[in-house]
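A short write-up of the structure that comes next.
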Amino acid sequence: MYPEYLVAPMREELTRVGFEELKDADAVTNAIESEGTVFVMVNSVCGCAAGMARPAARAAVQNEKHPDKLVTVFAGMETEAVNKARAYMLPYPPSSPAMALFKNGKLVHMIERHQIEGRPAQMIADNLIGAFEQYC
């Protein structure tokens, strides 16, 4: 677990653009299994989350077509919520940061850490926007 004062600004980067923080397994289940599209961002303290993943997520959700729900869990903080979200992301291995798009409870698009590292935020955002255009 990280000190809350350390992660608070990282959480706020997403919540200020409409992401809801999910703090327990039930909240994750309710969000992902809801009707419509749900974008799940597994947030992290790592540099690739700060420099690429969060900026990409913020940019992508500004697209005209975007998911019905925007939610986030924070790796290293709310373990129960993160583990539940990762269970829905199987067969992909645990990854943080990570981004997943669900439609009517089914995983339809996934971006793992190795697809985030070393790539410009706009490239990742374009990938997400393509998925939003297709599924939302």
Side-chain angles (χ1 to χ4, degrees):
M1 297 281 255
Y2 300 101
E4 184 58 37
Y5 72 85
L6 177 72
V7 300
M10 298 172 204
R11 293 179 190 276
E12 197 265 335
E13 281 186 63
L14 297 177
T15 58
R16 77 170 175 240
V17 295
F19 281 80
E20 174 189 357
E21 289 185 281
L22 305 180
K23 304 256 182 150
D24 61 48
D26 288 341
V28 172
T29 297
N30 290 337
I32 291 176
E33 292 186 4
S34 64
E35 191 173 315
T37 51
V38 180
F39 177 45
V40 179
M41 167 78 188
V42 180
N43 205 348
S44 172
V45 298
C46 72
C48 63
M52 295 157 247
R54 287 192 300 270
R58 288 192 324 265
V61 300
Q62 302 307 310
N63 188 55
E64 185 176 329
K65 276 190 159 182
H66 58 273
D68 299 315
K69 290 185 183 178
L70 309 172
V71 300
T72 182
V73 295
F74 207 109
M77 294 301 287
E78 293 81 30
T79 305
E80 177 188 322
V82 172
N83 289 343
K84 189 65 167 182
R86 287 177 171 163
Y88 281 100
M89 296 173 191
L90 291 172
Y92 296 94
S95 174
S96 56
M99 303 172 188
L101 181 64
F102 295 86
K103 184 168 187 171
N104 298 324
K106 305 267 191 250
L107 180 64
V108 294
H109 190 75
M110 181 76 185
I111 298 178
E112 300 173 86
R113 180 186 178 109
H114 72 87
Q115 297 167 301
I116 295 169
E117 291 176 308
R119 289 176 174 76
Q122 190 57 55
M123 179 183 284
I124 301 161
D126 291 343
N127 179 310
L128 290 169
I129 289 168
F132 297 170
E133 291 288 334
Q134 181 176 356
Y135 295 106
C136 297

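Residues take their numbers from the sequence shown, with the count starting at 1.
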Hphob cluster co-occupancy, [X] + [Y], side-chain heavy atoms under 4.5 angstrom:
X: V82; Y: F74; result: no
X: V71; Y: M41; result: no
X: I111; Y: V108; result: yes

- Message: Is any side-chain heavy atom of L22 closer than 4.5 Å to one of E78?
- Response: no
Please identify each residue that fulfils side-chain hydrogen bond (donor to acceptor under 3.5 Å, both in side chains) with [X], with sequence neighbours left out.
X: N30; result: none
X: E4; result: R11
X: T15; result: none
X: Q62; result: none

- Query: What salt bridge (charged side-chain N to carboxylate O under 4.0 Å, His left out) pairs are there with at least one residue in residues 83-98, not counting sequence neighbours?
  - Reply: none
- Task: Quick one: which residue pairs count as a salt bridge (charged side-chain N to carboxylate O under 4.0 Å, His left out) with a foot in residues 36-56, not counting sequence neighbours?
- Result: E13-R54
- Task: Just jot down the salt bridge (Lys or Arg N to Asp or Glu O under 4.0 Å) partners of E33, sequence neighbours excluded, or say none.
- Result: none
- Query: Considering residues at least two apart in sequence or located in another chain, which fulfil the salt bridge (Lys or Arg N to Asp or Glu O under 4.0 Å) criterion with E20?
  - Reply: none
If you look only at distance, which donor and acceptor atoms sit under 3.5 Å apart when one is on a side chain in residues 123-136 and the other is two or more places apart or in another chain?
from : atom 1 : to   : atom 2 : distance (Å)
D126 : OD1    : Q122 : NE2    : 2.8
N127 : OD1    : H109 : NE2    : 2.5
E133 : OE2    : N63  : ND2    : 3.0

- Take Q115 and M110, measure what side-chain contact (heavy atoms from CB on, under 4.5 Å) needs, and give me the verdict at the end. CA-CA 10 Å; Q115 297 167 301; M110 181 76 185; 5.5 Å; no
Under 3.5 Å, side-chain donor or acceptor atoms of residues 89-102 against the rest of the protein: list the pairs with distances, not counting sequence neighbours.
from : atom 1 : to   : atom 2 : distance (Å)
S95  : OG     : P97  : O      : 3.2
S95  : OG     : R113 : N      : 2.8

Donor-acceptor under 3.5 Å ([X] side chain, [Y] main chain):
X: N43; Y: M10; value: yes
X: T37; Y: D68; value: yes
X: N104; Y: G36; value: yes

Do you know which two heavy atoms are closest between [X] and [Y], and how far apart they sit?
X: V17; Y: L70; value: O-CD1, 4.0 Å
X: A75; Y: V42; value: CB-CG1, 4.2 Å
X: I116; Y: C48; value: CG2-O, 3.9 Å
X: E64; Y: H66; value: O-ND1, 3.4 Å

- Message: A quick test of your reading: do over 12 heavy atoms of other residues, nucleotides or ligands sit less than 6.0 Å from NZ of K23?
- Response: yes
- Item | Inter- and intrachain pairs under ring-ring contact (aromatic ring centres under 6.0 Å, His included), touching residues 1-31, at least two apart | F19-F39
- Note on the structure: By side chain to side chain contact (heavy atoms under 4.5 Å, CB included), D24 pairs with (sequence neighbours left out) D26, A27, E80
